[in-house]
Amino acid sequence: MTSERKRILTGVRPTGALHLGHYVGALENWIRLQEEYECYFLIADYQVSDHADQIRDLHRQVHEVALDWLAVGLDPERSHYVIESMVPEHAELTTWLSWFVGLGRLQRNPTLKSEMADLEAAGSDAIPVAFFTYPIMQVANILLPKAHLVPTGEDQAPHIEMTREVARRFNRLFEREVFPIPDGLVGRVPRLVGLDGNAKMSKSIGNTIDLKDDAETVTQKVRGMFTDPTRLRATDPGHVEGNPVFMYHDAFNPNVDEVNDLKERYLVGKVGDVEVKTKLAAALNAFLDPIRERRAHFESHPALVREALAAGTDQARAVGRETMAEVRSAMQVDYL
Ligand code: TRP
């Protein structure tokens, strides 16, 4: 089922529940772009090498990602759900492409650099080689289906830049336009603040609202959210700018009049945090309700989840085999 539509390849590492940051940073784009592009959504299990001791959790985590995707409306009838390690061409292409990425180039990749620094700070005495080289596999992930567009969160931009370099180098070296030069695309809110006001919502920090959180959990989390630290009483004038509660209102509350009214009153000390948060929790729960409903449906139909993963992975293999044949022919390593 190859189509004439341009292709998207994007994905996540299966390390835990998807959250609101994933939604506005990337998923929202993916949902919208399914109409226009043939989409490959990758569950990058090969790239969880920093959690080798938890490899037994991968099985569950892969299915959890698929459930979150089904819940938000990534449609497996139109798009392909791909399990990375079940498409061996990813490993094959990674091996060849490793020839075209310099050690120094990899060491200068800012996302990789900061992730390795975090791992070291967390006391990891030996970063696996697979972790150091994962950006090359990410390049292979993108080039294998010859993607034109890679919508992700902003932290992935350095990997996309590397992909563009490798694709150009390969095409030039072998004098063939084997790979399109892919563009990146970052979502409406490139980096959603955490509940605690930390610059980034992240599972490892523990400051997330997950797409599968129930209404009570969301209400509790919102109640505990960081707001304006300079404001002690509801009658003190407050700050809206940089205030996480209002950033979430802007991102998730479709009732603009309500949000503007709250902001105006907040600035002059005419509304308490309780009202602002109660309205935020209501908006978030209204946003999450349909996602929860779809999730419940697929949780009770595990065969559908499995089918989505199997069909998409099969399709990715078919495309992967085609690309590898072209790669081998371009490199003249099709010996027999
Ligand atoms: N590295 C990405 C992340 O941390 C996941 C990923 C793997 C990916 N391969 C990809 C993203 C290819 C975009 C394209 O979430």
Side-chain angles (χ1 to χ4, degrees), residues 6-19 21-27 29-30 33 37-51 58 61-62 64-66 68-69 74 79-87 89-91 93-94 97 101 106 109-116 118-119 128 130-167 179-187 190-192 200-205 208 211 312-313 316 319-320 323:
K6 288 194 169 180
R7 288 184 185 154
I8 278 178
L9 176 295
T10 186
V12 288
R13 307 188 325 147
T15 52
L18 299 184
H19 52 64
H22 290 118
Y23 194 92
V24 285
L27 285 171
N29 273 337
W30 304 5
L33 291 166
Y37 287 81
E38 184 190 4
C39 294
Y40 290 80
F41 298 126
L42 181 78
I43 304 179
D45 61 331
Y46 265 146
Q47 295 174 40
V48 191
S49 59
D50 52 328
H51 296 287
L58 272 180
Q61 308 269 51
V62 165
E64 286 291 313
V65 169
D68 277 337
W69 284 356
L74 297 178
S79 302
H80 314 298
Y81 283 31
V82 184
I83 300 175
E84 183 181 45
S85 70
M86 301 197 81
V87 180
E89 287 77 11
H90 285 132
L93 186 57
T94 301
L97 296 184
V101 180
L106 208 45
N109 179 312
T111 294
L112 182 64
K113 238 164 122 173
S114 82
E115 286 168 340
M116 295 212 303
D118 288 349
L119 284 177
F131 193 85
F132 180 62
T133 59
Y134 93 77
I136 310 178
M137 182 158 291
Q138 185 150 341
V139 170
N141 296 151
I142 296 167
L143 296 184
L144 193 68
K146 301 187 178 187
H148 301 88
L149 188 67
V150 189
T152 62
E154 71 173 356
D155 55 335
Q156 301 299 303
H159 302 332
I160 298 168
E161 192 45 46
M162 270 189 49
T163 308
R164 295 166 60 87
E165 289 168 22
V166 172
F179 299 119
I181 311 301
D183 288 313
L185 178 71
V186 172
R191 193 172 286 236
L192 185 67
K200 193 180 174 190
M201 181 175 278
S202 155
K203 178 191 156 65
S204 58
I205 307 173
T208 67
L211 298 176
T313 300
V319 168
T323 302

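Just so you know, ligand 1 is whichever comes first in the structure, and atom 1 is the first atom listed for that ligand. Position 1 is the first residue of the sequence, and the numbers go up from there. None of these values were measured; they are calculated from a predicted model.
Within 6.0 Å of CE on M116 lie more than 12 heavy atoms contributed by other residues, nucleotides or ligands.
Side-chain contact between F131 and L112 is present, with heavy atoms from C-beta onward closer than 4.5 Å.
Under the rule for a side-chain contact (heavy atoms from CB on, under 4.5 Å), the partners of T152 that lie at least two apart in sequence or sit in another chain are T10, V150, Q156, I160.
The aromatic rings of W30 and F41 sit parallel, their planes meeting at an angle under 30°, below the 60° perpendicular limit.
Listed as neighbours of ligand 1 are L9, T10, G11, V12, R13, L42, A44, Q47, Q138, N141, I142, V150, T152, Q156, each bearing a heavy atom under 4.0 Å from the ligand.
By the 4.0 Å N-to-carboxylate-O rule, K6 lies too far from D183 to be salt-bridged with it.
A side-chain contact (heavy atoms from CB on, under 4.5 Å) with I136 is found for exactly one of L106, N141, V166, namely L106.
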